[in-house]
Amino acid sequence: MQKNLAKIIYAFRNSIVHNRETEFHLTHLALNNHPGIGDTAQLILEKFILPVIEEIVFKLIISENEIVWYESSKLQLWDEN
């Protein structure tokens, strides 16, 4: 399940970021009215991908874990020395 979800998210990401004539490019306009798929991409994003990602993010934020967790009281982004 995780590998398939990752592939779907990566495919959507590539469709948004990359703009090649030979690839499917997803724009704001295409989300609402794509000539080939209609509003299918928008429905997949709104009804499936975003809710799943939201649940994953909330779980990682509220539960101590080894993937995303920071125990220090301050975040040091660089060493001043």
Side-chain angles (χ1 to χ4, degrees):
M1 169 71 179
Q2 294 99 348
K3 287 184 179 184
N4 291 333
L5 179 62
K7 286 180 183 180
I8 292 170
I9 292 170
Y10 189 67
F12 265 91
R13 177 240 178 237
N14 287 345
S15 296
I16 294 168
V17 173
H18 299 294
N19 190 7
R20 297 186 181 137
E21 250 183 77
T22 58
E23 296 178 350
F24 177 71
H25 184 63
L26 195 55
T27 63
H28 178 69
L29 181 61
L31 277 175
N32 296 324
N33 191 19
H34 189 272
I37 62 169
D39 65 347
T40 304
Q42 180 180 3
L43 291 174
I44 292 171
L45 279 171
E46 289 180 353
K47 303 294 183 187
F48 177 69
I49 293 177
L50 291 177
V52 169
I53 292 174
E54 183 179 50
E55 289 294 323
I56 292 169
V57 169
F58 285 155
K59 176 73 175 169
L60 289 172
I61 289 173
I62 64 172
S63 302
E64 188 171 331
N65 60 76
E66 294 182 9
I67 299 170
V68 179
W69 196 257
Y70 191 73
E71 294 180 0
S72 180
S73 62
K74 69 178 190 176
L75 179 62
Q76 183 174 349
L77 300 177
W78 64 85
D79 187 14
E80 292 184 29
N81 295 328

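By convention here, the first residue in the shown sequence is residue 1. This one's a predicted model, so the numbers in the text were calculated from it and none came from an experiment.
With hydrophobic clusters built from ILVMFWY side chains whose heavy atoms lie under 4.5 angstrom apart, Leu45 does not share a cluster with Leu43. Val52 and Phe12 fall within a single hydrophobic cluster, where Ile, Leu, Val, Met, Phe, Trp and Tyr are joined by side-chain heavy atoms under 4.5 Å apart, directly or via other members.
The side chain to side chain contact (heavy atoms under 4.5 Å, CB included) test applied to Leu50 returns no partner, not counting sequence neighbours. The side chain to side chain contact (heavy atoms under 4.5 Å, CB included) test applied to Ile67 returns Leu60, Asn65, not counting sequence neighbours. Residues passing the side chain to side chain contact (heavy atoms under 4.5 Å, CB included) test with Ile53, sequence neighbours excluded: Ile9, Ile49, Val57.
Tyr10 places a side-chain heavy atom less than 4.5 Å from the side chain of Arg13.
In this structure, CZ in Phe58 is found 7.5 Å from CD in Glu55, a value given to the nearest 0.5 Å.
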